[in-house]
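Okay, structure first, notes after.
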Amino acid sequence: MKKKLVALLMAATLVLSLAACGGKEDTTANTDTKTNTSSTTKSNETKKNDEKITLRMAWWGSQNRHDKTVAVIEMYEKSHPNVDIEYEFFSFDDYFTKLKTLVASDNVWDVFQLGGNFPDYVSKIEYLDAYVKDGTIDTSKIPDAYLNITRDTDGNLVGLSNGLNTYGIAYDVDMFKKAGVAEPTGTWTWDDYADAARKIHKATGHFGTSSFTSSEFAAGCSTYVGQQGKLGEFGFFNIGLTGMGFKDPQMLTPYIQMRADLIKEGASPDAGAEMEITNIENDFLVTGEAGMTWVAVNQFPTIYKVCADQGRTLALATLPRVTKNGNAGSHIQSSQMLCVSKDSKNKKAAAEFISWFQNDVECNKILDGERGIPINDDCRAAVSGNTKNDAEGNGKKIMFDYVTLVGTFPTPEKVNVTSPAGQDEVVDLYRGYIQKVVSGEMTASEAAKLTYEAAEKLFK
Amino acid sequence: MRTKNIIYKIIYHVFVLAFGFCMVYPVLWMISGAFKDNQQILNGGLSLIPSTVIKTNFTTGWKGFGGITFTTFFKNSAILTTIATAGTLISSAFVSYALSRIQFKGRGFWFSCMLATMMLPGQVIMIPSFLIWHKLKLVGTYVPLVLPYFFGQAFFIYQMMQFMKGIPRELDEAAKIDGCSKYRLFFKIILPLLKPSIITTIIIQFYWKWDDYMGPLLYLSSPKTMPVSLAIKQFADATSTTDYGAMFAMSSLSLIPVFLIFLFFNRYLVQGIGTSGLKG
Amino acid sequence: MTDAKKNSKVNKLKYPDGKTTVKRPFGERLRRFINNDNTVGYVFAMPFILGFLGFSLIPMITSLVYSFTDMTFGAKEIHFAGLRNFIALSRDDIFAKSVWVTFKYVILSVPLKLTFALLVAFLLTRKSRMVTLYRSLYYIPSLVGGSVAVALVWKQIFARKGLFNTVWMDLFDKTVNWFGGNGKLAIFPLILMSVWQFGSSMIIFAAGLKEIPESYYEAAMIDGANGFQRFFKITLPCLSPIILYNLIMQTISAFMVFTQAQIITQGGPQNETMMYALYVYNTAIKYSKMAYACAMSWVMLVIMVIITLIIFKTSKKWVFSEADS
């Protein structure tokens with residue numbers, strides 16, 4: 001271990017001297033990275049007598065993601081013999097516990113994975129703009145729109161997205177048929193949604209809609225507020241995350257009322273039933289006990305396959321709107337991104353790795369869009385063309401089409417790609433208030449007011 | 001009289017067995033889960049018998065993550081747990097002797113300090129502790145995970161103290177008259193008489209350390225150094241898909257070492273009452 | 001002090017030497033010093049004292065200091081906040097609820113768990129081949145700890161259509177919504193789980209039972225005492241130091257209970273299972289409010305110290321100690 005530390009320090013000093021050369025360390029023979037061949041060969045010569053650079057990298061996920069990511073890391077190490085990547089992987093909760101200790105000790109991994117909850121760690125993120133400018137990060141095949149999903153409101157590039165993602169409503173086609181409810185259209189409303197839930201509940205005895213669990217806030221606060229007014233007029237938080245993005249707490253009320261009513265009527269799971277949902281794989285939609293649920297679309301292929309195995313068909317609908325002609329409220333988001341840490345002593349090498357990770361076609365063929373749809377055009381084409389004609393492949397096709405569709409929706413000029421620090425507390429409070437409305441301890445309007453106040457407190 | 005006895009015996013055994021089955025039922029369910037797929041685990045209710053037996057869970061589980069198999073994880077667990085348990089035993093026995101048998105100045109104070117260390121939740125101690133080990137440049141090694149065990153564990157120190165209370169003071173007096181110093185008294189008399197307490201310490205500390213994943217999570221960095229407890233957690237992730245079958249398979253396997261330790265040492269605790277001849 | 005003096009006298013008698021009269025005072029003093037109770041005490045307690053000063057004290061003090069600041073994760077600057085955290089605590093409904101819920105949990109789970117552990121240990125100490133098997137059966141649940149698998153099975157047992165409700169439906173033609181409604185029932189599955197994992201207390205009781213000399217029982221038999229009398233007159237008093245120990249330890253660890261609530265209910269519904277340690281975790285890790293979590297922990301530490309003291313004070317009346325008598 002001590003040896004490793006020494007090696008790390010040595011590598012650090014080496015990289016500082018290397019940075020002066022400004023060469024690209026890319027040695028791959030990949031077609032899309034061949035553009036800088038001249039500088040590549042030059043730096044290769046200097047590299048040969050150099051010692052290894054060690055990069056520390058970490059992500060969260062499960063076995064499948066761990067295996068795929070380790071495989072591409074090994075691929076990178078093979079093509080970049082001077083780079084040694086020490087990786088760590090965790091489940092979601094563990095990852096953030098660990099990250100907090102590393103933030104406290106100024107020792108964050110060189111390359112690390114973050115979602116939209118990064119304001120807590122913003123002091124540790126190295127902006128990537130400079131690396132794009134000097135060519136370390138290749139963005140030639142990445143549309144600007146997909147770079148913007150990882151730009152903060154000041155326009156800084158905080159990371160490169162691991163994949164495109166957005167929300168949708170997954171539903172059971174047969175259950176809609178059985179209940180005699182028309183399948184959702186592209187412009188259905190929350191009223192239609194509640195109506196469908198009630199009818200399904202009446203006709204089948206199952207839940208019309210499953211719980212949105214931790215996405216309840218994304219649905220009832222972020223999306224629902226954003227759907228009101230003109231495009232971009234309101235948001236739950238303002239652009240720049242310095243305060244609230246709307247003035248009247250009562251804008252939240254109808255949704256809370258609707259949700260509480262559905263629970264009271266048995267058309268949506270109560271707290272007890274909701275607790276039985278461990279993750280998307282045993283969501284009531286998947287177990288056949290509910291007609292609809294909220295999904296992050298990268299989860300759709302998995303549940304589609306599970307249901308197909310049971311002989312059921314799922315489909316994906318856009319998010320319901322407040323009014324038929326109102327804002328869609330959904331837009332393309334980044335599932336997660338890879339960032340370079342400020343603590344890193346090998347920032348350039350780290351940035352280079354990220355560039356490869358998001359741009360290399362072979363690499364993304366292995367990753368197979370498990371983190372979301374690749375942002376690089378070639379990789380996206382490779383991954384989407386790669387789908388097999390089986391249940392999972394069909395699910396993937398639906399996902400790709402859906403993301404393309406959402407991409408065509410008009411989106412506000414500026415969108416918060418992050419949430420403010422401490423948002424989790426508001427999420428928990430908000431979900432608690434809904435339960436209190438259900439039990440009659442408070443009215444929906446009071447719940448809306450309290451949620452608003454709790455959120456406002458974040459900025460004091 | 002004899003038939004009555006037999007009936008009592010049967011009732012006793014039936015009752016103990018039936019209740020025992022209820023107790024282990026959840027564990028059996030977990031083990032049967034090792035032979036089920038995700039669907040059966042999540043929706044198959046509480047049946048112990050898989051509708052279709054899946055045998056691949058053990059192989060997919062054992063292959064671990066990114067080429068690091070559970071062979072490595074089990075080895076790491078074994079190293080960590082053995083060292084930590086040994087450390088706990090030695091240090092706790094020493095400290096408990098001082099606190100229960102020796103009238104030294106500050107005894108009450110240190111005893112209170114010891115209990116106080118148990119009263120703050122790990123979550124608030126975690127970060128400052130981490131910073132200490134980070135400053136010592138020992139994060140990423142096993143040192144933060146085993147060294148503290150060599151300084152005594154409050155739970156076991158206090159336990160040994162209570163057992164020492166059961167050892168009559170006359171023994172101390174007798175030893176004194178024989179010219180035995182307090183040091184020899186500990187090694188020659190107290191320690192051998194502490195056997196049941198030492199055995200409980202081994203059993204309990206072993207599985208606590210075996211199950212502990214928070215320490216390894218904070219202090220280890222390379223997956224190659226992960227113990228089983230932490231590795232099993234890597235199967236489950238709320239944001240992506242979880243292979244429950246593989247996770248249950250590995251969870252079941254992870255029970256075996258702790259169970260064997262228990263079986264091995266348990267016999268010292270049921271040899272029959274009073275055979276150690278302590279006070280009899 | 002007197003012990004040490006006595007010791008040296010004994011030594012003098014044993015090793016009378018005429019030759020080393022000059023060196024003797026030093027050797028004598030050294031021996032006295034080494035065998036002095038204070039020296040012996042500190043020599044043996046040294047591991048703990050070193051560990052405490054090195055690894056426990058600094059984090060503890062740090063957390064106490066944090067509780068008077070506005071420390072959060074990510075914020076680079078820490079400001080002194082006086083008593084603001086503590087004032088906020090006194091107005092925090094969730095904290096009040098978590099203290100209440102934790103008390104409820106401690107008061108219900110600890111006596112249940114200890115009674116059960118003692119009962120099982122007592123019934124299963126007999127010398128019999130089956131006993132090993134039985135005890136293993138009862139002990140296995142404790143070995144699995146708070147794993148994801150256990151959480152899943154526990155949820156499924158108490159689910160709306162779970163094992164419990166299937167049986168209940170057959171018997172009483174209705175079901176119990178454990179985790180739903182107003183949430184008041186949700187704490188019971190957690191208590192049950194804690195009782196279910198009673199293994200460490202049971203093992204310690206078993207070891208304690210083994211220490212009770214058989215001669216006591218034999219004497220009682222001769223006096224014609226029946227099983228109950230023997231249990232109450234011999235077993236319980238002889239075991240009382242161990243009972244006290246288990247009571248203190250289980251009370252402290254019940255106050256710190258975290259895993260069960262986190263993996264099964266996440267504190268819900270309506271914070272009815274929001275154990276104090278879980279709220280500390282949420283505040284410190286999930287909401288990043290480290291200073292506030294520290295303040296909470298220290299308030300709770302004071303409460304726990306008081307309760308421990310009460311147990312110790314009352315214990316003088318019922319704990320029978322061989323060593324002290």
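Convention: sequence-line order gives letters A, B, ...; per-chain numbering from 1.
- Looking at residues two or more places apart in sequence or on another chain, you find a side-chain contact (heavy atoms from CB on, under 4.5 Å) between Thr251(C) and Val106(C), Val110(C), Leu247(C), Phe255(C), Ile307(C), Ile311(C).
- Neither the backbone nor the side chain of Ile199(B) comes within contact range of chain C, judged by heavy atoms closer than 4.5 Å.
- The candidate with the highest count of non-hydrogen atom pairs below 4.5 Å against chain C, out of Met30(B), Gln103(B), Gln153(B), Lys233(B), is Gln103(B).
- Comparing Met290(C), Met300(C), Lys155(C) by how many heavy-atom pairs each has under 4.5 Å with chain B, the most go to Met290(C).
- With a 4.5 angstrom heavy-atom cutoff, Phe206(B) does not touch chain C via any of its atoms.
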Q: Could you go through the side-chain contact (heavy atoms from CB on, under 4.5 Å) check for Gln159(B) and Asn246(C) one step at a time?
A: CA-CA 8 Å; Gln159(B) 185 238 94; Asn246(C) 267 335; over 6 Å; no
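- Within the 4.5 angstrom heavy-atom criterion, no atom of Trp210(B) approaches chain C.
- In terms of heavy-atom proximity, Tyr138(C) sits nearest to Gly20(B) at OH-N, 3.4 Å.
- Taking every heavy atom of both residues into account, Pro59(C) and Ser129(B) meet most closely at CG-OG, 3.5 Å.
- Neither the backbone nor the side chain of Thr166(C) comes within less than 4.5 Å of any heavy atom in chain B.
- Minimum heavy-atom separation, Asn38(C) to Lys105(B): OD1-N, 2.7 Å.
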Q | Trace of the side-chain contact (heavy atoms from CB on, under 4.5 Å) decision for Val124(B) with Tyr66(C) | A | CA-CA 9 Å; Val124(B) 299; Tyr66(C) 280 165; over 6 Å; no
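- Between Ser142(C) and Tyr207(B), the closest heavy-atom pair is O-CE1, 3.2 Å.
- Taking Phe104(B) as the reference, Tyr42(C) meet the ring-ring contact (aromatic ring centres under 6.0 Å, His included) condition, with sequence neighbours excluded.
- In terms of non-hydrogen atom pairs under 4.5 Å with chain B, the most contact-rich of Leu57(C), Ile157(C), Ile61(C) is Ile157(C).
- The choice from Ala98(B), Ser251(B), Gly152(B) that makes the most heavy-atom pairs within less than 4.5 Å of chain C is Ala98(B).
- Between Met249(C) and Met118(B), some side-chain heavy-atom pair lies under the 4.5 Å cut-off.
- Between Phe187(B) and Phe44(C), the angle of the ring planes lies from 30° to 60°, which puts this pair in the tilted group.
- The minimum heavy-atom distance between Phe198(C) and Met23(B), with the atom names listed, is CE2-CE, 3.3 Å.
- When heavy atoms are compared at a cutoff of 4.5 Å, Ala116(B) approaches chain C by way of both its backbone and its side chain.
- A distance-only check finds a donor-acceptor pair linking the side chain of Tyr245(C) to the backbone of Phe155(B) [under 3.5 Å].
- Formation of a donor-acceptor pair under 3.5 Å by the Gln123(B) side chain with backbone atoms of Val280(C) is not found in this model.
- Using a 4.5 Å cut-off between heavy atoms, Val150(C) does not touch chain B at all.
- Using a 4.5 Å cut-off between heavy atoms, Ile285(C) contacts chain B through its side chain alone, with no backbone atom that close.
- At least one side-chain heavy atom of Ile34(C) sits less than 4.5 Å from a side-chain heavy atom of Tyr183(B).
- For Ile132(B), the part sitting under 4.5 Å from any heavy atom of chain C is the side chain, from C-beta outward, and nothing else.
- We find the CD1-CE distance between Ile204(B) and Met202(C) to be 9.5 Å, quoted to the nearest 0.5 Å.
- With chain C as partner, the option from Phe235(B), Tyr213(B), Trp133(B) having the largest number of non-hydrogen pairs under 4.5 angstrom is Trp133(B).
- Ring centers of Phe19(B) and Phe116(C): under 6.0 Å apart, within the cut-off.
- Ranked by heavy-atom pairs shorter than 4.5 Å toward chain B, the options Ile203(C), Thr62(C), Leu50(C) are led by Ile203(C).
- Only the side chain of Phe312(C) comes within less than 4.5 Å of a heavy atom in chain B; its backbone stays farther off.
- Per-residue counts of heavy-atom pairs under 4.5 Å with chain C were compared for Tyr25(B), Phe186(B), Tyr244(B); the largest is that of Phe186(B).
- The minimum heavy-atom distance linking Asn35(C) with Ser181(B) is given by the pair OD1-CB, 3.6 Å.
- Residues Thr308(C) and Met119(B) are in side-chain contact: their nearest non-hydrogen atoms beyond the backbone lie under 4.5 Å apart.
- Using a distance-only test at 3.5 Å, with no hydrogens or angles considered, no donor-acceptor pair links the side chain of Gln162(B) to the main chain of Gly208(C).
- Contact of Met256(C) with chain B is made through the side chain alone, with heavy-atom distances under 4.5 Å.
- Residue contact with chain C, scored on non-hydrogen atoms closer than 4.5 Å, is absent for Met161(B).
- For Phe151(B) and Phe52(C), the gap between ring centers reaches or exceeds 6.0 Å.
- Separation of the Phe48(C) and Phe150(B) ring centroids does not fall under the 6.0 Å cut-off.
- The structure places CZ of Phe55(C) at 13.5 Å from OG1 of Thr117(B), a figure rounded to the nearest 0.5 Å.
- Ionic pairing of Asp37(C) and Lys182(B) is present here: one or more N-O contacts between side-chain nitrogen and carboxylate oxygen are shorter than 4.0 angstrom.
- Interface remark: Ile90(B) contributes no atoms to any contact with chain C (heavy atom separation under 4.5 Å).
- The greatest number of non-hydrogen atom pairs below 4.5 Å with chain C, out of Tyr97(B), Phe248(B), Phe21(B), Trp110(B), is found for Trp110(B).
- Between Val144(C) and the choices Val24(B), Asp211(B), Leu255(B), the side chain to side chain contact (heavy atoms under 4.5 Å, CB included) rule is met once, by Leu255(B).
- Counting heavy-atom pairs closer than 4.5 Å to chain B, the top residue among Ser136(C), Ser63(C), Ser56(C) is Ser136(C).
- The closest side-chain heavy-atom distance from Leu17(B) to Leu137(C) is below 4.5 Å.
- Looking at Leu143(C), both its backbone and its side chain come within 4.5 Å of chain B, counting heavy atoms on both sides.
- Residue contact with chain C, scored on non-hydrogen atoms closer than 4.5 Å, involves the side chain of Phe111(B) exclusively.
- Among Ser112(B), Ser96(B), Gly33(B), Cys113(B), the residue making the largest number of heavy-atom pairs under 4.5 Å with chain C is Cys113(B).
- Counting heavy atoms from C-beta outward, Phe262(B) and Ile140(C) have side chains that stay 4.5 Å or more apart.
- A heavy-atom distance below 4.5 Å is not found between the side chains of Phe258(C) and Pro121(B).
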**Q.** Intermediate values then yes/no, side-chain contact (heavy atoms from CB on, under 4.5 Å), Trp298(C) and Leu120(B)
**A.** CA-CA 7 Å; Trp298(C) 276 89; Leu120(B) 275 184; 3.8 Å; yes
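- Heavy atoms closer than 4.5 Å to chain C are found nowhere in Ile232(B), neither backbone nor side chain.
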